[in-house]
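Values below: every heavy atom of this structure, side chains too, minus hydrogens, waters and symmetry copies. Chain letters run A, B, ... following the sequence lines, proteins first and then strands; every chain starts at 1.
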Number of protein chains: 2
Amino acid sequence: MKNKYLVIFEELEAAIYSGKYPANTTLPSENELAEQFETSRETIRKSLNILAQKGYIQKMKGKGSLVLDLQKLQFPISGLVSFKELAEKMGHTSTTFVESFSKQKASPRLAKEMQLNPDDLIWKILRVREINKEKIILDKDYIVEKYVPDLTVDICKNSIFDYIEHHLNLKISFARKEFTVEQPTEEDYQLLDMEGFQAIVVVKNYIYFDNATLFQYTESRHRPDKFRFVDFARRSEL
Amino acid sequence: MKNKYLVIFEELEAAIYSGKYPANTTLPSENELAEQFETSRETIRKSLNILAQKGYIQKMKGKGSLVLDLQKLQFPISGLVSFKELAEKMGHTSTTFVESFSKQKASPRLAKEMQLNPDDLIWKILRVREINKEKIILDKDYIVEKYVPDLTVDICKNSIFDYIEHHLNLKISFARKEFTVEQPTEEDYQLLDMEGFQAIVVVKNYIYFDNATLFQYTESRHRPDKFRFVDFARRSEL
DNA sequence: AAGTGGTCTAGACCACAGC
DNA sequence: CTGTGGTCTAGACCACTTC
């Protein structure tokens, strides 16, 4: 935590949460903040841009940086967030069941979808997520073995993301997500508490490392009544 | 279009599309680009950051800016994109039917959801979107009348966004989107070609101006088989 | 006219990759 | 060691808002 602009961003974020800068007031001007934090204006601007991008403030030319109402806007569950992080944020009791766990050669279909060499091995993991005693999510993970060689069932019971980021020290950089709604398969009916629902929300996730290599493909299948995705989007100017 | 960093972004974007910078090669270094475009490195960095945010490149410390494969990643339909823009991008023939169009006092429920004064008037617009001869999307728009006073049926047949941005010259700034899957209502069955589907994808959209005032609430109801949402997300580092 | 945020500059030092 | 991108600075000018 040494980057000045990140430190300042976090201080301002905390200050907004604490009520030091209430909603519908403006932050001190960029020049004032630069003085307060003993830094240059460009650095302050970097911090403010993160606040804006995350939906804390709205900058207005000639006026100032308006603090937005977090209550009103609620909180985006967007970005790359793992099941575990999410469940904890919501304060739910959750359990993960590892239904199957194996290492195998990629099927031709998968090899194509993940752009693998034909002899690359992949981990194939099937997990069921239970929230409040209901089996609601089916996660199918396909992870390139050569990048994440020492996977175990125990790791899968917790967070694979956590293991990759903190134990292997690999940086997850970006992901492409795709949302669709499909007919449930036999597998869905068998493994989840479908309660008569005849649709399933499928989130396909292609996850990339820092160096732009695809290392994981995840298909998350959610019971439709329990699925909710919130996004905070800024209008791109182009 | 006078901002240097935007001009440079667009040139680089075009160059990537044209094949001048093929996938899996690196762009010229920031110093080289600064020379080429006769500008400072910080300005170049602004342009490159937009490219990265949009998924064109991946920056790697010590190495360079890698051009990503657009074919592989496909294109995100994310952000705030109107139905019309979207249909045109996909190359589909599309029609919009304005089912109803009225100005009225906001219902208590809506007034609360949109944080309005009890005597504010709103436009209420019901539109059905037809793509390839199938009625697939039901759009319910609620627009605060005092911000957009002169709405007409003709405008609704085209793009309301377009009207607001280019004719009223108001700046749309950000939106909060929420995706859920629900049971279709009677209205859905009546107005859309539901073909036996028993679920509907509901996208709730709260749209804000530049000055952080909420001016429009839109509920877009999609037939589940025709719904697809793609997102390109960078891992936030916090 | 004074204050605000938006852009741009020319330089500096750092951490990291690769030879 | 050199070259890369990442951070930071101190200043400048501009467009916009407010008085």
Side-chain angles (χ1 to χ4, degrees), chain A residues 1-12 21 25-53 56-68 169-171 173-174 209-213 234-238, chain B residues 1-12 21 25-53 56-68 169-171 173-174 209-213 234-238:
Chain A
M1 205 64 65
K2 51 192 161 193
N3 286 343
K4 208 179 268 194
Y5 73 94
L6 284 180
V7 173
I8 294 171
F9 158 72
E10 284 168 6
E11 275 198 41
L12 291 175
Y21 301 122
T25 65
T26 56
L27 293 181
S29 78
E30 296 181 349
N31 284 313
E32 284 173 315
L33 288 171
E35 264 196 48
Q36 277 182 36
F37 286 99
E38 295 181 318
T39 184
S40 70
R41 211 184 123 212
E42 284 287 5
T43 300
I44 292 294
R45 285 178 54 71
K46 250 183 174 169
S47 309
L48 294 186
N49 284 336
I50 302 176
L51 286 172
Q53 194 218 319
Y56 289 107
I57 62 172
Q58 173 71 20
K59 304 178 97 186
M60 288 174 300
K61 202 185 294 190
K63 291 207 227 172
S65 294
L66 184 70
V67 180
L68 298 178
N169 270 321
L170 296 169
K171 264 210 215 136
S173 166
F174 60 92
F209 281 136
D210 223 11
N211 57 2
T213 56
R234 293 212 166 253
R235 176 91 165 157
S236 75
E237 354 220 318
L238 306 171
Chain B
M1 204 63 68
K2 50 193 166 197
N3 287 343
K4 210 179 267 195
Y5 73 94
L6 285 179
V7 174
I8 294 171
F9 158 72
E10 284 169 6
E11 276 199 40
L12 291 174
Y21 303 120
T25 65
T26 57
L27 292 182
S29 78
E30 296 181 349
N31 284 313
E32 284 173 314
L33 288 171
E35 265 196 47
Q36 277 182 37
F37 287 99
E38 295 180 316
T39 183
S40 70
R41 210 183 125 214
E42 284 288 4
T43 300
I44 291 293
R45 285 178 54 71
K46 250 184 176 170
S47 309
L48 293 185
N49 284 336
I50 303 176
L51 286 172
Q53 195 217 319
Y56 289 107
I57 62 172
Q58 173 71 21
K59 303 178 100 187
M60 288 174 301
K61 202 185 291 192
K63 291 206 228 172
S65 295
L66 184 70
V67 179
L68 298 178
N169 271 319
L170 295 168
K171 266 213 213 131
S173 166
F174 60 91
F209 281 137
D210 224 11
N211 57 1
T213 55
R234 292 210 167 254
R235 178 89 164 159
S236 77
E237 353 220 317
L238 306 171

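A residue-by-residue look at B:Arg41 and A:Lys61 shows that B:Arg41 has its nearest nucleotide of DNA chain D further toward the 5' end. Along DNA chain C, the nucleotide nearest A:Glu42 and the nucleotide nearest A:Gly62 are compared for position; the residue whose nucleotide lies closer to the 5' end is A:Gly62.
Between the P atom of C:dT9 and the CZ atom of B:Phe37 lies a distance of 13 Å, rounded to the nearest Å. Here the P atom of nucleotide C:dC8 and the CZ atom of A:Arg45 are 11 Å apart, to the nearest Å. Atom P of nucleotide D:dG6 and atom NZ of B:Lys46 are separated by 16 Å, given to the nearest angstrom. Taking atom CD of residue B:Glu30 and atom P of nucleotide D:dC8, one finds them 15 Å apart after rounding to whole Å. Atom CD1 of B:Ile44 is separated from atom P of D:dT4 by 13 Å (rounded to the nearest Å). As rounded to whole Å, 13 Å separates atom P of C:dG3 from atom CD of A:Glu35. Separating the CG atom of B:Leu66 from the C1' atom of C:dA17 is a distance of 14 Å, rounded to the nearest angstrom. Atom pair A:Leu33:CG and C:dT4:C1' shows a separation of 12 Å (rounding to whole Å applied).
Residue B:Leu12 holds its CG atom at 7.0 Å from CD1 of B:Ile44, rounded to the nearest 0.5 Å. Atom OH of A:Tyr5 sits about 11.0 Å away from atom CG of A:Asn49, to the nearest 0.5 Å.
Closest approach of A:Pro28 and A:Leu33 over heavy atoms only: O-CD1, 3.6 Å.
At D:dC8, none of the side-chain N or O atoms of A:Tyr5 fall inside 4.0 Å of OP1 or OP2 (strictly under the cut-off). Proximity of B:Ser29 to the phosphate of D:dT4: a side-chain N or O atom is located under 4.0 Å from OP1 or OP2. Distances shorter than 4.0 Å separate none of the side-chain N or O atoms of A:Ser40 from OP1 or OP2 on D:dA10. In terms of phosphate contacts, B:Lys63 brings no side-chain nitrogen or oxygen within less than 4.0 Å of OP1 or OP2 of C:dC16.
Judged as a side chain to side chain donor-acceptor pair (under 3.5 Å), and not counting sequence neighbours, the contacts of A:Ser40 are A:Thr43.
In DNA chain C, runs of at least 3 stacked Watson-Crick or G-U pairs (N1-N3 plus N6-O4 or O6-N4, or N1-O2 plus O6-N3, all under 3.5 Å) give these stems: C:1-18 with D:1-18.
In the displayed structure, B:Gln36 atom CD is contacted under 6.0 Å by more than 12 heavy atoms of other residues, nucleotides or ligands.
For B:Lys4, the side-chain atoms get nearest to C:dT9 when compared with the rest of D:dG5, D:dT4, C:dT9. Here the nucleotide nearest the side chain of B:Thr43, chosen from C:dT4, C:dT9, D:dC8, is C:dT9.
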| query | Yes or no on side-chain contact (heavy atoms from CB on, under 4.5 Å) for A:Gln58 and B:Phe174, after CA distance, side-chain angles and deciding distance? | reply | CA-CA 9 Å; A:Gln58 173 71 20; B:Phe174 60 91; 3.2 Å; yes
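Panel note: side chain A:Ser65, backbone A:Lys59; no donor-acceptor pair is recorded below 3.5 Å.
Using a 4.0 Å heavy-atom cutoff across all strands shown, B:Thr39 reaches sugar-phosphate atoms only and no base atom.
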